[in-house]
Amino acid sequence: YYPSFSRDGKQIVYSTFSDSGLGSVRVVSANGGEGRVISHKPGHYVQPVFSPDGKQVAYRRIGAGYLRSPTWSQDKGVYVVNLQTKNTHLVCKDGSSPQFGARSDRLFLTRIKREKETAKRKLISLDLDGSDEHTHYSSENATEFRLSPDGHWLAFTERFNAYITPFVPTGREVDISPKSKAIPTAKVSRDAGQFLHWSGDSQKLHWTLGQQLFTRQLYEAFSFIDGAADELPDPPETGINISFSFKHDAPKGKIAFVGGRIITMNADEVIENGVIVVDKNRITAIGPRNKVTIPNGALIIDITGKTVMPGIVDVHAHGAQGTSGFIPQQNWMSYSSLAFGTTTIHDPSNDTNTIFAAAELAKAGLIRGPRIFSTGTILYGAKSSFKAVVNGLKDAQSHLRRMKAAGAISVKSYNQPRRDQRQQVITAAREIDMMVVPEGGSLFQHNMTMIVDGHTGVEHAIPVERAYNDVTQLWSGSQTGYTPTIVVGYGGIWGENYWYQHTKVWANERLQTFVPRLVIDPPSRRRFSAPIEEYNHIHIAEYCKTLVDAGGHVQLGAHGQMAGLAAHWELWSFVQGGMTELQAIRAATLDGARYVGLDGDVGSLVVGKLADFLVLDSNPLDDIRQSENILWTVINGRVFDAKTMNEAGNEPHKRKPFFWETNYSKLR
């Protein structure tokens, strides 16, 4: 992680991380070879950089975050190590993105400081012993600063785009923004620019967007630079494609699941004593046992007396895929989701870089987890450093282009204050075949305009206890979906609290296997109690039933509550509101897949679709609460024991311990 060249281009410094060994800082020749460790103990290391003379490396030690072991999380701060003497010392405890300018004895850092009601990012510098601190530049909305090697230029990212301005060490703090008048500022990216990096001669700025690397010469950005044309060129629309191909994961061989009840989601079809044949990762045959020929050499799994249903499609599944740029080799949240039967997720708000990196790793089989789809970072209309400014269709088109380039199939329109802005986002999305899921901020009239304007769906419950025929007629006729997230339902006590009250969550053995106790215990052991009539989530579920009966579409979204288990709470809540068990299962599978445009591959069990399904010990059509009793989770044709997440099938493999099951004292 975090690779950075030495100034002479001969070496690369980088950090590493593994679940079992934690992290280190290493240096390797740019020609390749084995990296040598320059950090003195295990930890969580980020952002290492060489000093200009190549004799020192600055880096940060950080804490573990939510998904990694908290071991070796002390002594956080910015450090410098002398590569000759190997002596390491703390420069300061506060600051990020260490970098050098032209001098090797002075370090630049980014700090966030609150000033009244505003948090500002500041570019500061200090000597390597932590003394003589100066603040150079300040910005309310910038998210990244990058000083040129010669110390004469500063690149920064604000509201997703990249800018360049001269670096003027005036001795006073300078406020910068794209609208700065005091010093010239040039926008160099068309839609977005991040991971800013200067060329060694300080004459070019590089940045990335999705799979492309972009470059801008200084003389293309400023008319006063030697070599500048009379009319400066527009920011580049395309860059260099630096992507690479990797084979999509699929297991080997054929497997036949024989003798079970199969809820296909092909209309209301339920096959008794059925067979599903899987070749690699696709369903090649399905039907009654006496009508399906089992291929020679297929592994036969007897599921007599069991029930098969499609994997759960959770279309509103927040959850960390990584922290601080590190993606765990075994993400306990992802394993728990699979163990509880969620095989596809759509996350309508996550860190863009992290979630799409995790999605690619999962496709390649390098990590285990549900199929991952997302909006990435939301198109936020309220005041923030990541505000997506939409003042016209061109702005909306730019936002949609940058999100699609990053890997998004959809965007989340969130708190765009004006209706015309929301309509512009929809128009831009239709132009490039993307979906728009909105969040209405618990405003009923806002929700209704979302339906009328043609959003893909409405996320979260509409904030009324009861909706009447006018709403139902409008909604069911529009084909706009509804993801009520009942477990966090608006307007009253959240639905998840009902299940904390009425079930022993802290004693759930499967949950304890995949989720740390520090996550399970606080909400489940000391839960509050309320009469049943106080639970508003049942009214939300009742309207879901009304909408489905009228021809509308409702889909399951568990909001990332209690990894994996909450999807079942959502499913059970649908039935509490009056849905039949089959209607609830359809909302959790096929309707969710259709909502996010994936129903050609997942959501039902038919020939040609991906082999994503669950083998249950009991029949959820008799009792929806049996949906939790999963024996096997099958995803992409791979068969997992849902109680342990050890892989079976044709490629058996035992899961490694999670960090709380590992003894890290050996790392000393």
CA sep, side-chain torsions, deciding dist, call: Ser324, His44, side-chain hydrogen bond (donor to acceptor under 3.5 Å, both in side chains):
CA-CA 9 Å; Ser324 302; His44 307 265; over 6 Å; no
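- Using a 4.5 Å heavy-atom cutoff, the side chains of Leu621 and Ile585 are in contact.
- With a 4.5 Å cut-off on side-chain heavy atoms, Thr375 and Phe373 do not count as touching.
- Side chains of Met434 and Val436 form no contact here, defined as non-hydrogen atoms less than 4.5 Å apart.
- Of the residues listed (Trp494, Phe528, Trp569), the one engaging Tyr500 in a ring-ring contact (aromatic ring centres under 6.0 Å, His included) is Trp569, and it is the only one.
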When you look at Thr354 and Gln321, which way does the side-chain hydrogen bond (donor to acceptor under 3.5 Å, both in side chains) test go after all the steps?
CA-CA 7 Å; Thr354 304; Gln321 300 296 332; over 6 Å; no
I'd like to know whether Glu360 forms a salt bridge (Lys or Arg N to Asp or Glu O under 4.0 Å) with Lys363, so could you lay out the CA-CA distance, the side-chain angles of the two residues, the decisive distance to 0.1 Å, and finally the verdict.
CA-CA 5 Å; Glu360 295 296 324; Lys363 289 177 185 177; 3.6 Å; yes
Applying ring-ring contact (aromatic ring centres under 6.0 Å, His included) to Phe257 and Phe613, what does each step give before you reach the verdict?
CA-CA 11 Å; Phe257 296 82; Phe613 54 85; 5.0 Å; yes
Pair Thr644, Asn646 - check side-chain hydrogen bond (donor to acceptor under 3.5 Å, both in side chains), show working.
CA-CA 5 Å; Thr644 64; Asn646 294 331; 3.2 Å; yes
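- Applying the salt bridge (charged side-chain N to carboxylate O under 4.0 Å, His left out) test to every pair with at least one member in residues 365-377, sequence neighbours left out, gives these pairs: Asp249-Arg368, Arg368-Glu647, Arg371-Asp612.
- Of the possible donor and acceptor atoms, none in the side chain of Arg261 sits under 3.5 Å from a partner among the backbone N and O of Asn619.
- Residue pairs meeting the salt bridge (charged side-chain N to carboxylate O under 4.0 Å, His left out) criterion with at least one member in residues 592-603, sequence neighbours excluded, are Arg282-Asp601, Asp591-Arg594.
- The main-chain N or O of Glu269 is never found under 3.5 Å from a side-chain atom of Asn266 such that the two would form a donor-acceptor pair.
- No side-chain heavy atom of Val464 sits less than 4.5 Å from a side-chain heavy atom of Tyr543.
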List the steps, then state whether side-chain hydrogen bond (donor to acceptor under 3.5 Å, both in side chains) holds for Lys609 with Ser604.
CA-CA 8 Å; Lys609 287 197 176 185; Ser604 62; 2.5 Å; yes
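- With contacts defined as side-chain heavy-atom distances shorter than 4.5 Å, the pair Gln583/Asp549 qualifies.
- For Tyr335 and Phe658, the distance between ring centers is under 6.0 angstrom.
- Judged by a 6.0 Å distance limit and a 45° cone about the ring axis, Arg68 is not positioned over the six-membered ring of Phe326.
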Report the C-alpha separation of Thr344 and Leu598 in whole Å, then their side-chain angles, then the decisive distance to 0.1 Å, and conclude whether the side-chain contact (heavy atoms from CB on, under 4.5 Å) test is met.
CA-CA 10 Å; Thr344 298; Leu598 302 174; 3.9 Å; yes
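- At least one side-chain heavy atom of His316 sits less than 4.5 Å from a side-chain heavy atom of His460.
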Derivation and outcome, side-chain contact (heavy atoms from CB on, under 4.5 Å), residues Val278 and Lys254:
CA-CA 6 Å; Val278 175; Lys254 300 178 177 66; over 6 Å; no
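- In this structure, Trp475 and Tyr482 have tilted ring planes: the angle between them lies in the 30° to 60° band.
- In this structure the side chain of Phe444 reaches within 4.5 angstrom of the side chain of Val471, judged on heavy atoms.
- The local environment of CD in Glu661 is crowded, with over 12 non-hydrogen atoms from other residues, nucleotides or ligands closer than 6.0 Å.
- A side-chain contact (heavy atoms from CB on, under 4.5 Å) with Thr343 is found for one member of Thr633, Val602, Asp314 and no other, namely Thr633.
- Among pairs with a residue in residues 520-530, those fulfilling salt bridge (charged side-chain N to carboxylate O under 4.0 Å, His left out) read Arg517-Asp521, Asp521-Arg525, at least two apart in sequence or across chains.
- The residues Asp347 and Lys412 are annotated as not salt-bridged, no charged nitrogen and carboxylate oxygen being separated by less than 4.0 angstrom.
- For Trp499 and Tyr535, the ring centers sit 6.0 Å or farther from each other.
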Output, in order, the C-alpha distance, side-chain angles, deciding distance and verdict of side-chain contact (heavy atoms from CB on, under 4.5 Å) for Val313 and Tyr595.
CA-CA 10 Å; Val313 180; Tyr595 178 64; over 6 Å; no
What verdict does the side-chain contact (heavy atoms from CB on, under 4.5 Å) test give for Phe356 and Asn350, after you've listed the backbone C-alpha separation in whole Å, the side-chain angles of each residue and the deciding distance to 0.1 Å?
CA-CA 9 Å; Phe356 294 128; Asn350 205 305; over 6 Å; no
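- The shortest side-chain heavy-atom distance between Val607 and Ile286 falls under the 4.5 Å cut-off.
- For Tyr468, the OH atom sits in a loose shell: 12 or fewer heavy atoms of surrounding residues, nucleotides or ligands are nearer than 6.0 Å.
- The six-membered or imidazole ring of His537 lies away from that of His539, with a centre-to-centre distance of 6.0 Å or more.
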